[in-house]
Amino acid sequence: MMHEYDTIIVGGGPAGLSAALYSSRAMLKTLVLEQAAVGGQITSTSEVENYLGSISSNAIDIVTRMKDQALEFGSEIKAEKYKSLTKKDNIFQVTTDKGYYECKSVIIATGSHSQYIGCKGEQEFTGLGVSYCATCDANFFRGLNVVVVGGGDSAVDEGIYLTKFANKVTLIHRRDELRAAKSLQERAFANPKMEFIWDSTVEEIKGDGIVKAILVRNIKTNEITELQTDGVFVFIGYKPNSDEFKEIVKLDDKGNIISDENMHTSIPGIFVAGDVRNKMLKQIITAASDGAIAAISAEKYIADLNQNH
Ligand code: NAP
């Protein structure tokens, strides 16, 4: 059976839910397609401290409030995996693993995913000691020793979180200074459970069914040392989830969907919001802002379409 919408939003993270809220409040018939859990990447973090108006809020509480707010104003949310998008006579056809939909505008809000180290053993031990989500897996490492790879906000934030569970958290960073916000750095340096290995990368993850050790290379001396560890948490940035759209809209050389400040992509009627687009600051607050702008741009686009017919 075919269903018609004004706007279909692909992705149910903060960008998608914000777009849904603004779109449904503009009385547009709105559908959010989310293949996994609503909330996107925030669901893999613990506390959120920097979303305006929420000091140290539980991430799941924030997501639940966002979802309820979008539903309250009439958005529909379906647990379906986006498959394809085509356009004919100003109508978009969207297929998912469960259905077929038509709509006048599309907002891509598919977010991003963790970047992999790409070293030997990483894939083999994923879920067996290698993790990309401290909130999900920290509990398995109570009283054990873990390493965190990366030097940005995620690595430091999640490293501090892991100290609540692990005996020791060793952060391995490829430079001799962290990229993370200074306030996070201060907390990490003051934490007696945290240690730091500078100018180093992980060359190999070794184990026997589960992670037992890693080989660490000092990039200045090239010296390789073996470090015993029970877990490896990887936080070395994110890659945009744009693969399924690369033949449809223009991307930059990092795979971000190119947009203007009003969230227009290279194709009229397709808008973008959140971490999947090219921008400097990828945060919950900027995702929410993008979503609001994308929805209002879609509203204007649909009004123009209606006027011209
Ligand atoms: P990020 O800021 O891009 O930092 C990635 C870190 O990983 C950098 O330290 C980088 O080293 C290192 N790295 C990159 N590729 C590597 C590789 N192949 N091998 C080893 N190390 C590598 O990513 P993020 O920390 O995940 O943060 C992403 C965005 O989310 C940022 O905008 C961040 O502010 C935001 N965020 C905010 C919070 C918060 O405010 N509490 C929490 C989490 C995330 P270099 O420093 O040498 O480049």
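Keep in mind that the numbers below use all heavy atoms, side chains included, and drop hydrogens, waters and symmetry copies. In each ligand, atom 1 is the first atom listed, and ligand 1 is the first ligand listed.
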Which donor-acceptor pairs under 3.5 Å do side chains of residues 170-182 form with protein atoms, sequence neighbours excluded?
residue, atom, partner, partner atom, Å
His173, NE2, Glu177, O, 3.0

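Protein heavy atom in closest approach to atom 8 (C) of ligand 1: Arg179 NE, 3.6 Å. Of all protein heavy atoms, the one lying nearest to atom 26 (O) of ligand 1 is Ser154 OG, 2.6 Å. The protein non-hydrogen atom at the shortest distance from atom 28 (C) of ligand 1 is Tyr238 CD1, 4.0 Å. From the protein, the heavy atom lying nearest to atom 41 (N) of ligand 1 is Asp157 OD2, 3.2 Å.
Remark: ligand 1 and Gly151 share an N or O pair separated by less than 3.5 Å (distance only, no angle test). The shortest N or O to N or O distance between Arg175 and ligand 1 is under 3.5 Å. Residue contacts with ligand 1: Arg174 is placed with a nitrogen or oxygen under 3.5 Å of a nitrogen or oxygen of the ligand (distance criterion only). For ligand 1, the polar-atom distance check finds no N/O of Ala155 at less than 3.5 Å from any of the ligand's N/O atoms.
Counting heavy atoms closer than 4.0 Å to ligand 1, residue Glu49 contributes nothing at all. Contact annotation for Ile236 and ligand 1: heavy atoms of both the backbone and the side chain come within less than 4.0 Å of the ligand. Heavy atoms of Lys282 found under 4.0 angstrom from ligand 1 belong exclusively to the backbone.
Side chain to side chain, Asn256 and Lys239 fail the donor-acceptor criterion of an N or O pair below 3.5 Å. Between the side chains of Ser131 and Asp137, at least one donor N or O sits under 3.5 Å from an acceptor N or O.
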* Test ring pair (Phe, Tyr, Trp, His ring centres under 6.0 Å) applied to Phe196 and Phe189, step by step -> CA-CA 9 Å; Phe196 299 85; Phe189 292 142; 5.0 Å; yes
* Given ring pair (Phe, Tyr, Trp, His ring centres under 6.0 Å), test Phe233 with Tyr161 step by step and report yes or no. => CA-CA 12 Å; Phe233 284 83; Tyr161 176 73; 9.3 Å; no
* To do: Could you please spell out the steps behind the side-chain hydrogen bond (donor to acceptor under 3.5 Å, both in side chains) verdict for Asn241 and Ser112?
  => CA-CA 5 Å; Asn241 295 325; Ser112 57; 5.7 Å; no
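Using a 4.0 Å cut-off between a side-chain N of Lys or Arg and a carboxylate O of Asp or Glu, Glu203 and Arg217 qualify as a salt bridge.
Distances from ligand 1 to the non-hydrogen atoms of Thr201 include no value under 4.0 Å. For the ligand labelled ligand 1, residue Asn50 lies inside the 4.0 Å heavy-atom shell. At a 4.0 Å cut-off, not a single heavy atom of Glu158 sits close enough to ligand 1 to count as contact.
Residue-ligand proximity, Gln283 to ligand 1, at heavy-atom distances under 4.0 Å covers atoms 32 (O), 33 (C), 34 (O), 35 (C), 36 (N), 37 (C), 40 (O). Taking every non-hydrogen atom of Gly237 and a distance limit under 4.0 Å, the qualifying atoms of ligand 1 come out as 5 (C), 23 (O), 26 (O).
Of the listed residues (Val48, Ile284, Asp153), the one carrying the non-hydrogen atom nearest atom 33 (C) of ligand 1 is Asp153.
For Arg142 and Phe165, the positive end is not near the middle of the six-membered ring at less than 6.0 Å and at most 45° from its axis.
To the nearest 0.5 Å, atom OG of residue Ser289 and atom NZ of residue Lys279 are 7.5 Å apart. Rounding to the nearest 0.5 Å places CG of Leu33 at 10.0 Å from OG1 of Thr95.
Aromatic ring orientation, His113 versus Tyr116: tilted (interplanar angle from 30° to 60°).
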